[in-house]
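Taking it in order: structure first as structure tokens, then the write-up.
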Amino acid sequence: MTFSIFLPEQLATGADVKLPVLYWLSGLTCTDENFVQKAGAQRLASELGLIIVCPDTSPRGDEVPDDEDGAYDFGLGAGFYVNATEEPWAKYYNMYDYVVEELPEIVARNFPIDIKKQSIFGHSMGGHGALTIALKNPEKYHSVSAFAPICSPMNCAWGTKALKKYLGEDESTWSDYDSVELVKNATRPIPMLVDQGSADEFLKQQLKPELLVEACNRAGMPLGFNQRDGYDHSYFFISSFIENHLRFHHGILSMLV
């Protein structure tokens, strides 16, 4: 597995410090490079003293199975941040464990992160991943944010296709990877921020943020939701509002002892 990591300028001085870390999860068809090249986060991350880790979106390698039809919304580049239980996906498609357990251990062994100060954010499929991971692990992540997340994969074509193939026909197992369902059963609040463009071509059929807003309102989950008029699903949208997300996470992480 390949991941990218951004280290703030403070670390170039050789000072013995440990800094907060943000994990960014990218969307369908992406790799670890999309955010690095297109989001424009480095300047402010350096100013705020935030380390950013960007993992790939799925396992890679010649032996890793892909969708037999080469579809963009399943298989390579579309791991959906789940632990697959169905063959032939179960052996390699364990992106949930990779993001939550394996990658943080690698990063902590090799870089000066403060493991007590970490948060997570993402885009589209990665927004789905960030939300579900944070909701399932509120003791590990102090805040979560997302751009145009797939809010309820159990209720959209992208999600039902992926969950059925990765997890099987029993839909009761799908709810463990559905943000709306997780909010309904959450036992601990976590600060959440979501930005959604009104001109997003996937808004009505695939993303369905209204379901997340409704679930959070009913559960009393702290959610800041912004609809950005005229913005689409692209990285132009992300780069326009990345500052808000970095400052959101920094404001929470900087208060921790």
Side-chain angles (χ1 to χ4, degrees), residues 1 3-6 8 19-28 30-32 34-36 39 41 44-45 48-58 79-83 94-108 111 113-151 153 176-180 182-183 186 188-196 209 212 216 221-225 238 241-256:
M1 292 299 291
F3 68 91
S4 296
I5 184 167
F6 173 77
L19 298 178
V21 59
L22 294 177
Y23 288 89
W24 170 266
L25 306 185
S26 285
L28 289 168
C30 293
T31 69
D32 62 293
N34 295 71
F35 182 86
V36 174
L44 185 59
L48 297 176
L50 294 171
I51 294 172
I52 302 179
V53 178
C54 304
D56 204 344
T57 49
S58 79
F80 272 84
Y81 304 100
V82 305
N83 284 339
N94 295 284
M95 291 300 295
Y96 176 87
D97 279 353
Y98 174 62
V99 171
V100 176
E101 303 292 345
E102 298 169 13
L103 182 58
E105 291 179 3
I106 294 170
V107 173
F111 300 97
I113 68 165
D114 187 339
I115 60 174
K116 296 181 180 179
K117 298 181 180 181
Q118 66 176 16
S119 293
I120 191 166
F121 60 153
H123 171 229
S124 194
M125 178 186 72
H128 140 76
L131 290 170
T132 56
I133 285 171
L135 287 165
K136 292 169 69 172
N137 299 276
E139 74 287 353
K140 290 188 175 184
Y141 303 96
H142 296 280
S143 54
V144 57
S145 70
F147 292 87
I150 302 171
C151 293
D176 207 30
Y177 297 102
D178 186 293
S179 298
V180 171
L182 290 170
V183 165
R188 180 173 170 180
I190 181 171
M192 304 166 66
L193 173 65
V194 171
D195 273 63
Q196 174 63 60
L212 180 65
C216 287
M221 184 69 70
L223 169 65
F225 179 78
I238 295 171
F241 300 104
I242 190 65
E243 178 174 349
N244 296 23
H245 286 244
L246 294 181
R247 292 194 183 279
F248 165 73
H249 293 293
H250 176 261
I252 293 168
L253 296 175
S254 64
M255 297 295 291
L256 301 174

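Everything quoted here is computed from the prediction, not taken from an experiment.
For the atom pair CG (L50) and CG (L253), the distance works out to 7.0 Å, reported to the nearest 0.5 Å. In this structure, the separation between CG on L256 and NZ on K117 is 6.0 Å, given to the nearest 0.5 Å. How far CG of D195 is from CZ of F147: 5.5 Å, rounded to the nearest 0.5 Å. Atoms OG and CE, from S179 and M192 in turn, are 6.5 Å apart once rounded to the nearest 0.5 Å.
Contact between F225 and P209 at its shortest, heavy atoms only, is CE1-CB, 3.7 Å. Pairing each heavy atom of V53 with each of F3, the nearest pair is CG1-CD1, 4.0 Å. The nearest pair of heavy atoms linking C151 to D178 is O-OD1, 3.9 Å. A pairwise comparison of heavy atoms in M255 and G251 identifies CG-O, 3.1 Å as the closest pair. Taking each heavy atom of T57 and G27 in turn, the nearest pair found is CG2-O, 3.4 Å. Of all heavy-atom pairs spanning S145 and H245, the tightest one is OG-ND1, 2.9 Å.
Just one residue in the list L22, V100, V99 forms a side chain to side chain contact (heavy atoms under 4.5 Å, CB included) with I120, and that residue is V99. Tested against Y96 for a side chain to side chain donor-acceptor pair (under 3.5 Å), the candidates T132, N137, N83 yield a single pass: N137. With H249 as reference, F121 is the one residue of W24, Y141, F121 to meet the ring-ring contact (aromatic ring centres under 6.0 Å, His included) rule.
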Criterion side chain to side chain contact (heavy atoms under 4.5 Å, CB included) on F6 and V36, from CA distance to verdict: CA-CA 8 Å; F6 173 77; V36 174; over 6 Å; no
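Proximity of L135 to V144: side-chain heavy atoms (C-beta onward) are nowhere separated by under 4.5 Å. Within the 4.5 Å cutoff, the side chain of F35 has heavy atoms near those of the I52 side chain. Within the 4.5 Å cutoff, the side chain of D32 has no heavy atoms near those of the S26 side chain. Counting heavy atoms from C-beta outward, L212 and L131 have side chains that approach closer than 4.5 Å.
With S143 contributing its side chain and S119 its backbone, the two residues share no donor-acceptor pair below 3.5 Å.
In this structure, the salt bridge (Lys or Arg N to Asp or Glu O under 4.0 Å) partners of D56, at least two apart in sequence or on a different chain, are R60. With sequence neighbours excluded, the residues forming a ring-ring contact (aromatic ring centres under 6.0 Å, His included) with F80 are H128, listed by chain and number. Annotation: ring-ring contact (aromatic ring centres under 6.0 Å, His included) contacts of Y23 (sequence neighbours excluded): none. For E102, there are no salt bridge (Lys or Arg N to Asp or Glu O under 4.0 Å) partners, not counting sequence neighbours.
Every pair passing salt bridge (Lys or Arg N to Asp or Glu O under 4.0 Å) that includes a residue from residues 132-148 is listed here, sequence neighbours excluded: E101-K140, K136-D176. Screening residues 122-135 for salt bridge (Lys or Arg N to Asp or Glu O under 4.0 Å), with sequence neighbours left out, gives no hits.
Counting heavy atoms of neighbouring residues, nucleotides and ligands inside a 6.0 Å radius, atom CD1 of I115 does not exceed 12 of them.
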